[in-house]
There are 4 protein chains.
Amino acid sequence: MIDRSRGAALIADTGRGNEAAILNAALEAFGNSGFNGASMRDVARGAGTSLSNLYNYFPSKSRLLAEVLRHANTELYARVVRAVEDAGDAASPRMRDAVRAYVGFVVDHQVAMLVSASEVRYLQGPDRERLVAERDDTQSLIEQIVAQGVESGEFRTPYPADAARSILSLCAAIATWYRPDGRLSRGQLAEQHARYALALVEAPLPRHD
Amino acid sequence: MIDRSRGAALIADTGRGNEAAILNAALEAFGNSGFNGASMRDVARGAGTSLSNLYNYFPSKSRLLAEVLRHANTELYARVVRAVEDAGDAASPRMRDAVRAYVGFVVDHQVAMLVSASEVRYLQGPDRERLVAERDDTQSLIEQIVAQGVESGEFRTPYPADAARSILSLCAAIATWYRPDGRLSRGQLAEQHARYALALVEAPLPRHD
Amino acid sequence: MIDRSRGAALIADTGRGNEAAILNAALEAFGNSGFNGASMRDVARGAGTSLSNLYNYFPSKSRLLAEVLRHANTELYARVVRAVEDAGDAASPRMRDAVRAYVGFVVDHQVAMLVSASEVRYLQGPDRERLVAERDDTQSLIEQIVAQGVESGEFRTPYPADAARSILSLCAAIATWYRPDGRLSRGQLAEQHARYALALVEAPLPRHD
Amino acid sequence: MIDRSRGAALIADTGRGNEAAILNAALEAFGNSGFNGASMRDVARGAGTSLSNLYNYFPSKSRLLAEVLRHANTELYARVVRAVEDAGDAASPRMRDAVRAYVGFVVDHQVAMLVSASEVRYLQGPDRERLVAERDDTQSLIEQIVAQGVESGEFRTPYPADAARSILSLCAAIATWYRPDGRLSRGQLAEQHARYALALVEAPLPRHD
DNA sequence: AATGAATGAGAGTTCATTCAT
DNA sequence: CATGAATGAACTCTCATTCAT
């Protein structure tokens, strides 16, 4: 059985010495204290290496953040793409599975989601632009599903241009309150938000019991 | 006519010297750079006073943040309460007006909303607890409306316990992307999100043109 | 009697707290270890204050160096100007007294002369340009005397355009080897270099005994 | 035809792998940034090798500086010795040719001259003493010429003990301002300084046109 | 209420150097 | 001989906060 516990590290071994340990420690530190509140010393401690050694891997704290966020985005995007591809052709199941995948990522990598949402602002220049572009890729996937559903008549939302953003806001917000020991299981959360998504685009909702 | 422009300061004169200027400067600084990224020097500069004078008004940076957030929350809560009170007895119009008010606050005080959402985490102890409690007050208002609507049969959501949180997440997220010169006006945004809210609770939606 | 001892600080009280102490400590530190070899901690220790307090007076190490050099240049220039003004109209005595004054400065503020000569290179931008311009002012004074002497026929050098620079090089070089307990007294050194200067411009030299 | 261009590296191949490249890169780095301002990484980059490989050739940054300076001094001394030996027996032509050779070195290896003059101070212990001794050898050569000229009556300076140092100061100072595209050619500069030298020792000067 | 000077702690980053390979 | 990874010390500079005035 796949380990979906919170401790599953976002970044697997990269084949370059301590790189993965540093990235994961950075993610944890930025998650705990925010980008500006976390120090490179914190990251080093978390990675079990020396402060100065961090700079053999990443030239600056900013670039370290950028790399962490890039890994998070890549994984998120990959999950959603895969889910959409496996979901057949109709808009509703595609939306449902895309949202399930997105929510799954949020739950599996809650800290990564939080850091992604709140610390991108501390990037500047090309690092920031790249990140924003990558994030837009994910949103575009959802936008296409909405457009498809509206065209096919499955979705009747009067706001087709805005619905995707709202859906993703809703899913991303899970990271701000989710607790693994909470009332809802991972699966229930995914179901719930899939239904929210369909409700937002004003698709016919299945009966519930 | 009321000034709803973005520049409208959140905190009006408090009758105590530079206090309002300091609070507004702090809001701006925390908004620009985050709590840990903004320095007391930044705040002092923004307020047009000296660094050390800040400490005649607030004993610490944390307390300064706490006060800023308290003002934001108070204003937000007040707006929503007033809207609900003025909205009659039925759940749907109450929800619609509550959301309109909430969105109005987000648009009028975008920075305050952003700071509220992202910097509470840097508070600790009683300051934090008070803030969270105040925020819960606002959410409780919405939860009551949802409960009322479910009971009356207007709302058919299978997730009555979670819908309020989702609605507020959606409204708060506006602050992360809204631009005054964007495609949607303040009023349109409020309408849109009112409809989102009703969709989420699975109320019958009015036809749209 | 005027104190011409080596310990006479270059910078007298500036009327602003520890400023003079910091400047003099910086001069000493830069003199001992060079600009890059001296640390701000060294300066702070020498000035009897804390490291961070340095930054209440000077915004950066570079600016601190710039200010030190500015004080040195100003004092040197003032001495030479005064000497020339008091020396009457003929080129030879003007040259002699200018050189005497310059040598006097080198002996009185040997470290300042050394730092001036060797650490300007670590300045950049406007600070550097200003310093170079100020230094050129002093050299221009000498160049004018040379030109005057050449025109009057007192000086017969075939290199009127270059002689001034050479004379000043010679005087400045004293700082690289002078020891207060050396063979030559301050006055003898001044005489010697005055004669060097006249020799370089090929003026008739007085008999010596 | 001998390449006297500025780009002519001071240190030719030493027959030991990258040694010459490292020494020349060190010279350049120390010239650009000073001993304390240049890093071993700078040197490695300039030499096209890895940082750690430097330590296969030189045990420390200090020793690297010492070796660079030793090469410079050796070359300078050799040039002056050869010139004096080839100049016949009379003091005046010997002085003239010695100065010409010295100036030639300064022009050919301006950076080496600058580094020699300003960075010896960062050496300590035996390295420093050896360097100073080697430098004194060159000065002694000039001192002997002065003594010879004074004894023969060619030179009438009242400061026979100090003239040599002044002459060398003058020549070395060229390195601080010389630009290959300047007003004076290499040969003219040599002539000029030869005349300066004779003027300083108060030898009869040839007429000039 | 208001200021400028002061401070200790800590920030990000670079350093010369070492070591295993 | 050559390398990349590693390290402890040190760097310049900024921080929140205090205090005397």
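Values in this document were obtained by computation on a predicted structure and should not be read as measured data.
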Distance check needed: E:dA16 P versus D:Arg63 CZ, whole Å only. 17 Å
Whole angstroms only, please: what is the NZ-P distance between D:Lys61 and E:dT14? 15 Å
F:dA2, E:dT14, E:dT18: which one has an atom nearest the side-chain heavy atoms of A:Tyr55? E:dT14
Does A:Phe35 offer a backbone N or O that forms a donor-acceptor pair with the side chain of A:Glu119 under 3.5 Å? yes
Counting any heavy atom closer than 4.0 Å, what does D:Ser39 reach on the DNA or RNA strands: base, sugar-phosphate only, or nothing? sugar-phosphate
Ranking F:dC1, F:dT12, F:dC15 by distance to the side chain of D:Asn56, first place goes to F:dC1
Determine whether a donor-acceptor pair (N or O, by modelled atom type, separation under 3.5 Å) exists between the side chain of D:Asp42 and the backbone of D:Ser39. yes
Nearest-nucleotide comparison on DNA chain F, the residue closer to the 5′ end among A:Ser50 and C:Arg41: A:Ser50
So what does A:Ala44 touch, heavy atoms closer than 4.0 Å: a base, only the sugar-phosphate, or nothing? nothing
Point-to-point distance, once rounded to the nearest 0.5 Å, from CZ of B:Arg41 to CG of B:Leu54: 10.5 Å
Taking for each residue the nucleotide of DNA chain E with the nearest heavy atom, is it C:Leu51 or C:Tyr57 whose nucleotide lies nearer the 5' end? C:Tyr57
Between E:dA6 atom C1' and C:Glu19 atom CD, what is the distance in whole Å? 15 Å
Base paired to F:dC19 (Watson-Crick or G-U; both N/O distances under 3.5 angstrom): E:dG4
When rounded to whole Å, the CZ to P distance for the pair A:Arg45 and F:dT7 reads 14 Å
A:Leu54 CG - E:dC15 P separation (whole Å): 16 Å
Side-chain N,O (C:Arg16) to OP1/OP2 (E:dA5) below 4.0 Å: yes
Choose from F:dA10, F:dA2, E:dT3 the nucleotide whose nearest atom is closest to any side-chain atom of D:Asn53. F:dA2
Starting from C1' on E:dT7, measure out to CD1 on C:Ile22 and report it in whole angstrom. 13 Å
Below 4.0 Å: OP1/OP2 of E:dA6 and any side-chain N or O of C:Asn18: yes
Closest to the C:Ser60 side chain, choosing from F:dC15, F:dC13, E:dT13: F:dC13
From the options A:Leu76, A:Asn24, A:Val111, A:Thr74, select the one residue that forms a side chain to side chain contact (heavy atoms under 4.5 Å, CB included) with A:Leu10. A:Asn24
Separation of atom CE in B:Met40 from atom C1' in E:dA9, rounded to whole Å: 17 Å
Which sits closer to the 5' end of DNA chain E, B:Gly17 or A:Gly37, going by the nucleotide each is nearest to? B:Gly17
Does the C:Tyr122 side chain pair with the main chain of C:Asn36, one donor and one acceptor, at a distance under 3.5 Å? no
Rounding to 0.5 Å, atoms CG (A:Leu23) and OH (A:Tyr57) come to a distance of 10.5 Å
D:Asp42 CG to E:dT17 C1': how many Å, rounded? 16 Å
Measure from the side chain of D:Thr49, starting at C-beta and using heavy atoms only, and say which of F:dC15, E:dA16, F:dT3 lies closest. F:dT3
